[in-house]
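For reference, the structure is listed below as structure tokens.
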Amino acid sequence: MGKTKIAFIILCSILIASCESNTYEEVAGQTTNPTYEANIKPIMTASCTSCHSGDSQFPNLETYSAVKNACLNNNLVCRIESNDCGTRMPLGGKLPQPNIDVIKLWVSNGFVEK
């Protein structure tokens, strides 16, 4: 095998090994202007609406207005962040901290929808 082919194989190996895959949680933690549609709704869908949808469990967390209302009137942020406001949610385990951070940033930025 020639030196050029060996160099090419080594270069390709380095490039493949250096690729990084970001999870949603990692990307969410980097968001500076979160919106409901782009950032909050996917978190709610993945972690909350299996219980908090329809009439199954109060509050319903399927829509923008419902999630905003839950933040304003039902201590949603406190419930996902600590046990200080009742049972920590979700029941299956704590949300990843980057998800909590993006929800808190969304609230502090004024509940941007889109």
Side-chain angles (χ1 to χ4, degrees):
M1 198 181 301
K3 291 182 181 182
T4 306
K5 286 183 182 180
I6 293 173
F8 179 74
I9 292 170
I10 291 172
L11 178 62
C12 288
S13 298
I14 291 170
L15 290 173
I16 290 171
S18 68
C19 288
E20 181 178 324
S21 174
N22 288 329
T23 63
Y24 175 75
E25 289 79 15
E26 291 168 330
V27 174
Q30 299 169 7
T31 301
T32 57
N33 296 308
T35 66
Y36 174 77
E37 287 295 324
N39 307 98
I40 307 307
K41 184 177 182 178
I43 296 170
M44 294 296 129
T45 300
S47 303
C48 306
T49 59
S50 63
C51 294
H52 292 273
S53 62
D55 294 328
S56 62
Q57 179 72 30
F58 180 82
N60 179 306
L61 298 174
E62 293 180 292
T63 66
Y64 166 79
S65 59
V67 175
K68 179 180 176 183
N69 184 56
C71 290
L72 292 170
N73 301 310
N74 301 109
N75 298 319
L76 177 66
V77 174
C78 185
R79 296 289 297 269
I80 62 172
E81 192 169 39
S82 72
N83 292 321
D84 295 343
C85 301
T87 304
R88 180 180 228 153
M89 293 287 145
L91 290 176
K94 181 183 178 221
L95 285 177
Q97 191 60 47
N99 287 5
I100 295 171
D101 293 343
V102 79
I103 293 168
K104 289 170 62 177
L105 182 58
W106 176 67
V107 170
S108 68
N109 284 355
F111 305 98
V112 179
E113 186 172 5
K114 296 180 182 178

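The side-chain hydrogen bond (donor to acceptor under 3.5 Å, both in side chains) test applied to Asn73 returns Asn69, not counting sequence neighbours. When the side-chain contact (heavy atoms from CB on, under 4.5 Å) test is applied to Asn33, the partners found at least two apart in sequence or on another chain are Asn109. Take Lys104 and apply the salt bridge (Lys or Arg N to Asp or Glu O under 4.0 Å) test, not counting sequence neighbours, and it matches Glu81. Residues forming a side-chain contact (heavy atoms from CB on, under 4.5 Å) with Glu62 (at least two apart in sequence, or on another chain): Thr49, Ser53, Asn60.
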Check: Would His52 and Met89 count as a side chain to side chain contact (heavy atoms under 4.5 Å, CB included) if you check the C-alpha gap in whole Å, the side-chain angles of each, and the deciding distance to 0.1 Å?
Finding: CA-CA 11 Å; His52 292 273; Met89 293 287 145; 4.2 Å; yes
Margin query: Quick one, Arg79 with Thr87, criterion side chain to side chain contact (heavy atoms under 4.5 Å, CB included). Give me CA distance, side-chain angles, the key distance, then yes/no.
Written below: CA-CA 7 Å; Arg79 296 289 297 269; Thr87 304; 3.9 Å; yes
Next item on the list: Would you check, one step at a time, whether the test side chain to side chain contact (heavy atoms under 4.5 Å, CB included) holds for Lys94 with Ile100?
Entry: CA-CA 9 Å; Lys94 181 183 178 221; Ile100 295 171; 3.8 Å; yes
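Grouping the Ile, Leu, Val, Met, Phe, Trp and Tyr side chains by contacts below 4.5 angstrom, directly or via other members, places Phe58 apart from Met44.
To the nearest 0.5 Å, the span separating OG on Ser108 from CD1 on Ile103 amounts to 12.0 Å. Rounded to the nearest 0.5 Å, atoms CD (Gln57) and SG (Cys48) are 11.5 Å apart. Note: Thr45 OG1 to Ile40 CD1 = 11.0 Å, rounded to the nearest 0.5 Å. In this structure, CG on Leu61 lies 11.0 Å from OG on Ser47, to the nearest 0.5 angstrom.
Smallest separation of non-hydrogen atoms from Ser56 and Cys51: OG-O, 2.5 Å.
Just one residue in the list Leu76, Val107, Leu72 forms a side-chain contact (heavy atoms from CB on, under 4.5 Å) with Val67, and that residue is Leu76.
The backbone N or O of Val112 sits nowhere less than 3.5 Å from a side-chain atom of Thr35 that would complete a donor-acceptor pair.
Within the structure, salt bridge (Lys or Arg N to Asp or Glu O under 4.0 Å) contacts touching residues 34-58 (residues at least two apart or in different chains) do not occur. Within the structure, the ring pair (Phe, Tyr, Trp, His ring centres under 6.0 Å) test picks out no pair touching residues 73-102 (sequence neighbours left out).
Aromatic ring orientation, Trp106 versus Tyr64: perpendicular (interplanar angle above 60°, classes split at 30° and 60°).
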